Amino acid sequence: MADFKKQLASIDRRLLIGGGAALGLTTGFFGLRPSKNGAEAGPYFNAMTGALKREKLERPTLVIDRAALDRNIDRLRADLGPGMGYRIVAKSLPALGLVKRIMERAGTDRLMVFHQPFLNYVAANVPQAGVLLGKPMPVEAAARFYDHAAPGPFDPARQVEWLIDTPQRLAQYADLAKARGLAMRLNIEIDVGLHRGGVRDKATLKTMLEAIDAAPGLSFSGFMGYDPHLASIPGLLGWQESAIESSKAVYQGFVETARAHYGEAWNRDALTLNTAGSPTYRFHTESQIANEVAVGSALVKATDFDIPTLEGHEPAAFISTPVLKTSERTEIPGLEFLSGLTSAWDRNSAQTAFIYGGKWLAKPVAPEGLQLNALFGRSTNQEMLNHSDRISLKPGDHVTFRPTQSEFVFLQFGDIAVYDPEEERIVESWPVFQQGA
């Protein structure tokens, strides 16, 4: 009953804005209610839907536009100056076919992996890859990687760099290496302004370098300094530019400390000096400080990456799902008597479509103007979408979404459907990484 009263109170606040009269027939009502919008899906999405239907993919499906993906890869390559390497962030692109296409087109064999089962999968299926861990893994997860490593050409001693953030974790890895007779390359996470962990002072770095040198089997392989925060700092009064320069100076200071520590044995070309992320890679196109950038999401551009620093990249990832049921009105269970009032207030909620699946981290984009219903609530089974009479949907039509992110969403749909917009057909199917191992 309490929830019912809250729902009614919410409706009252929406309808009686500015003390409007019953039914909202006041100047305040008509002046403040949402404008009517909506448009049918355009030719691009209709062609994509047609391709899915011909493959009988009448279920929620993650679709990659291969041509858009290729153009994004080419933009990334064009942005990077000579000597600046590129590392593929596999968590944001978690499908073997997707990773391999990017490796081939971008001309890189460097991957960044964030999950132990994915590391085992990559080691077994991409034996030429050099892998940098993207976060410090519990030492038990590292041990499990070795326990489940499949025999083959992949050599962890040469091809894996474990990320270390503290002297305590370093000591745990040293114990693991000693107990098992392992050779382990350690990359040190440094805090360049994000403040999400990593080494923050040169004294700690010196202690860690000394510990690496003293531990049998361990070797120092470089630094990782992640800086996505720089993209969201306002440019007002030069704040962003100052933050970028400060972050680079911090990175350079750690590099100089390591250079001084190793003296004549220092070999920058043999080290991984990793930085950036999709939002900030364009701040690091030259290689004077770091020598590689890590980028994933920019290549498929989910909606969270519709940001100024990624101008020129284009959406390449979509979710398409069938419409199961439709209604020419919107009815909320227990509040049916208010259906006319809510539709009068927001004409974009007048009609209803229930789709196959839902509650994804995604936003509907085609047809244009679809919206969720906060009163009805979300559903992973049959999501309600509302729309105005400018949109006509019937069972069997498809609704298209753009994911807000890729790293988690991509794993929810099974195989990825690869769409060629020139041929207007599904040309490949890419299985996604498996979460457990």
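None of the values given here were measured: they were computed from a predicted structure.
Sorted by first and then second residue, the ring pair (Phe, Tyr, Trp, His ring centres under 6.0 Å) pairs involving residues 174-197 (not counting sequence neighbours) form an empty list. Evaluation of the side-chain hydrogen bond (donor to acceptor under 3.5 Å, both in side chains) test over residues 215-224, restricted to residues two or more places apart or in two chains, returns E161-S221. Within the structure, side-chain hydrogen bond (donor to acceptor under 3.5 Å, both in side chains) pairs that include any residue of residues 175-184 comprise D147-R180 (at least two apart or interchain).
Residue R196 places its CZ atom among 12 or fewer non-hydrogen atoms of other residues, nucleotides or ligands, all under 6.0 Å distant.
By the side-chain contact (heavy atoms from CB on, under 4.5 Å) test, I426 is found to be paired with A51, L52, E55, A417, Y419, residues two or more places apart in sequence or in another chain being considered. For D70, the side-chain contact (heavy atoms from CB on, under 4.5 Å) partners are R66, I73, R101, R105, not counting sequence neighbours. For Y281, the ring pair (Phe, Tyr, Trp, His ring centres under 6.0 Å) partners at least two apart in sequence or on another chain are H313. For H115, the ring pair (Phe, Tyr, Trp, His ring centres under 6.0 Å) criterion is met by F118, not counting sequence neighbours. In this view, F283 satisfies the ring pair (Phe, Tyr, Trp, His ring centres under 6.0 Å) rule with no residue, not counting sequence neighbours. Looking at residues two or more places apart in sequence or on another chain, you find no salt bridge (charged side-chain N to carboxylate O under 4.0 Å, His left out) involving R77. Not counting sequence neighbours, F305 has no partner by the ring pair (Phe, Tyr, Trp, His ring centres under 6.0 Å) test. Residues passing the side-chain contact (heavy atoms from CB on, under 4.5 Å) test with D306, sequence neighbours excluded: K301, T303, R402. By the side-chain contact (heavy atoms from CB on, under 4.5 Å) test, T257 pairs with K202, L205, K206, sequence neighbours left out.
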| Are H398 and E58 close enough, and set up right, to give a side chain to side chain donor-acceptor pair (under 3.5 Å), and what steps lead you there? | CA-CA 9 Å; H398 276 224; E58 295 292 339; 3.0 Å; yes
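Between the side chain of D191 and the backbone N or O of G198, no donor-acceptor pair lies under 3.5 Å. Side chain of T309 to backbone of T280: no donor-acceptor contact under 3.5 angstrom is found. Distance alone, capped at 3.5 Å, is enough to place a donor-acceptor pair between the S232 side chain and the H229 backbone.
Classification of the F223-Y251 ring pair by plane angle, with boundaries at 30° and 60°, yields perpendicular.
For the pair K248 and D227, the salt-bridge criterion is not met [side-chain N within less than 4.0 Å of a carboxylate O].
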